[in-house]
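Everything below concerns the one structure shown next.
Computed over heavy atoms, backbone and side chain alike; hydrogens, waters and symmetry mates excluded.
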Amino acid sequence: QVQLVESGGGLVQAGGSLILSCAASGRTFSEYGMAWFRQAPGKERDVVATISGSGGTTYYADSVKGRFTISRDNAKNAMYLQMNSLKPEDTAVYYCATGLVPTRRANGYAYWGQGTQVTVSS
């Protein structure tokens with residue numbers, strides 16, 4: 001049984017920083033791609049960043065490029081999202097996901113966490 005558990009969300013002022021964590025269990029973590037998605041109220045779930053199994057290949061949505069950094073620690077079965085220079089438009093529920101290969105499409109991931117709320121105040 002694959003399980004993903006996000007943590008680290010919260011309320012932060014614009015310009016601030018947060019680090020999200022995703023703890024994974026139930027599979028050989030390093031063999032699979034992972035990603036962070038986010039979903040704001042009334043909007044679709046959109047990709048934020050993806051990372052390959054080795055961590056050597058990453059992708060960022062244009063809206064977060066230069067501000068967010070995705071990383072993973074396969075020894076700890078964990079993935080992270082360092083978020084800097086946060087903006088009110090970053091407010092959303094953030095989800096981690098894992099799948100065979102990293103993809104920008106939400107339907108490419110079989111397993112999802114429960115989500116963690118990030119709220120950025122202006």
Side-chain angles (χ1 to χ4, degrees):
Q1 180 84 12
V2 175
Q3 287 191 321
L4 301 174
V5 180
E6 302 97 335
S7 61
L11 174 64
V12 64
Q13 288 188 331
S17 298
L18 281 175
I19 301 176
L20 303 184
S21 299
C22 176
S25 62
R27 73 187 335 176
T28 305
F29 186 68
S30 62
E31 295 179 357
Y32 296 89
M34 298 196 73
W36 287 99
F37 283 76
R38 65 186 182 186
Q39 188 167 21
K43 296 189 176 181
E44 294 184 351
R45 189 171 297 190
D46 293 327
V47 67
V48 174
T50 70
I51 189 166
S52 61
S54 67
T57 301
T58 57
Y59 162 83
Y60 295 94
D62 287 342
S63 59
V64 306
K65 202 172 295 183
R67 299 188 297 123
F68 291 10
T69 302
I70 189 171
S71 62
R72 64 191 295 165
D73 184 339
N74 288 338
K76 296 182 178 180
N77 281 3
M79 179 179 66
Y80 308 98
L81 186 68
Q82 172 73 53
M83 305 187 294
N84 297 328
S85 302
L86 282 161
K87 304 175 181 179
E89 51 262 45
D90 294 318
T91 295
V93 177
Y94 283 70
Y95 298 90
C96 67
T98 183
L100 286 176
V101 293
T103 172
R104 305 171 194 178
R105 297 177 292 107
N107 61 11
Y109 295 90
Y111 300 100
W112 293 83
Q114 82 289 348
T116 186
Q117 176 71 48
V118 172
T119 303
V120 184
S121 63
S122 57

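To the nearest 0.5 Å, the span separating SG on Cys96 from CD1 on Ile51 amounts to 12.5 Å. Rounding to the nearest 0.5 Å gives a distance of 12.0 Å between CZ of Arg105 and OG1 of Thr50. The CG atom of Leu18 sits 9.0 Å away from the OG1 atom of Thr116 when rounded to the nearest 0.5 Å. Atom OG of residue Ser30 and atom CG of residue Asp73 lie 11.0 Å apart, to the nearest 0.5 angstrom. Summarising the geometry, atom CD belonging to Gln82 is positioned 9.0 Å from atom CG belonging to Leu20; distances are rounded to the nearest 0.5 Å.
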Using distance only, find each side-chain donor-acceptor pair of residues 32-42 under 3.5 Å and give its atom names and separation, not counting sequence neighbours.
{"residue": "Trp36", "atom": "NE1", "partner": "Tyr80", "partner atom": "O", "Å": "3.3"}
{"residue": "Arg38", "atom": "NH1", "partner": "Asp90", "partner atom": "OD1", "Å": "2.9"}
{"residue": "Arg38", "atom": "NH1", "partner": "Tyr94", "partner atom": "OH", "Å": "2.9"}
{"residue": "Arg38", "atom": "NH2", "partner": "Ser63", "partner atom": "OG", "Å": "3.4"}
{"residue": "Gln39", "atom": "OE1", "partner": "Arg45", "partner atom": "NE", "Å": "3.3"}
{"residue": "Gln39", "atom": "OE1", "partner": "Arg45", "partner atom": "NH2", "Å": "3.4"}
{"residue": "Gln39", "atom": "NE2", "partner": "Lys43", "partner atom": "O", "Å": "3.1"}

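Remark: side-chain polar atoms of Tyr109 are paired, donor with acceptor, to backbone N or O of Thr103 under 3.5 angstrom. A donor-acceptor pair under 3.5 Å is formed between the side chain of Glu6 and the backbone N or O of Gln114. Asn74 places no side-chain N or O within 3.5 Å of a backbone atom of Phe29 that could act as its donor or acceptor partner. Side-chain N or O atoms of Arg67 include one that pairs as donor or acceptor with a backbone N or O of Ser85 at under 3.5 Å. Between the side chain of Arg72 and the backbone N or O of Ser52, at least one donor-acceptor pair lies under 3.5 Å.
The hydrophobic cluster containing Leu86 does not contain Tyr95, counting ILVMFWY residues as joined when their side-chain heavy atoms lie under 4.5 angstrom apart, directly or transitively. Val93 and Met83 sit in two unconnected hydrophobic clusters of ILVMFWY residues. Membership requires side-chain heavy atoms under 4.5 Å apart, directly or through other members. Val47 and Trp112 fall within the same hydrophobic cluster, defined by Ile, Leu, Val, Met, Phe, Trp and Tyr side-chain heavy atoms under 4.5 Å apart, directly or through other members.
Taking every heavy atom of both residues into account, Ser17 and Asn84 meet most closely at OG-OD1, 2.9 Å.
Scored by the side chain to side chain donor-acceptor pair (under 3.5 Å) test, Thr119 finds Gln117 as partners (sequence neighbours excluded).
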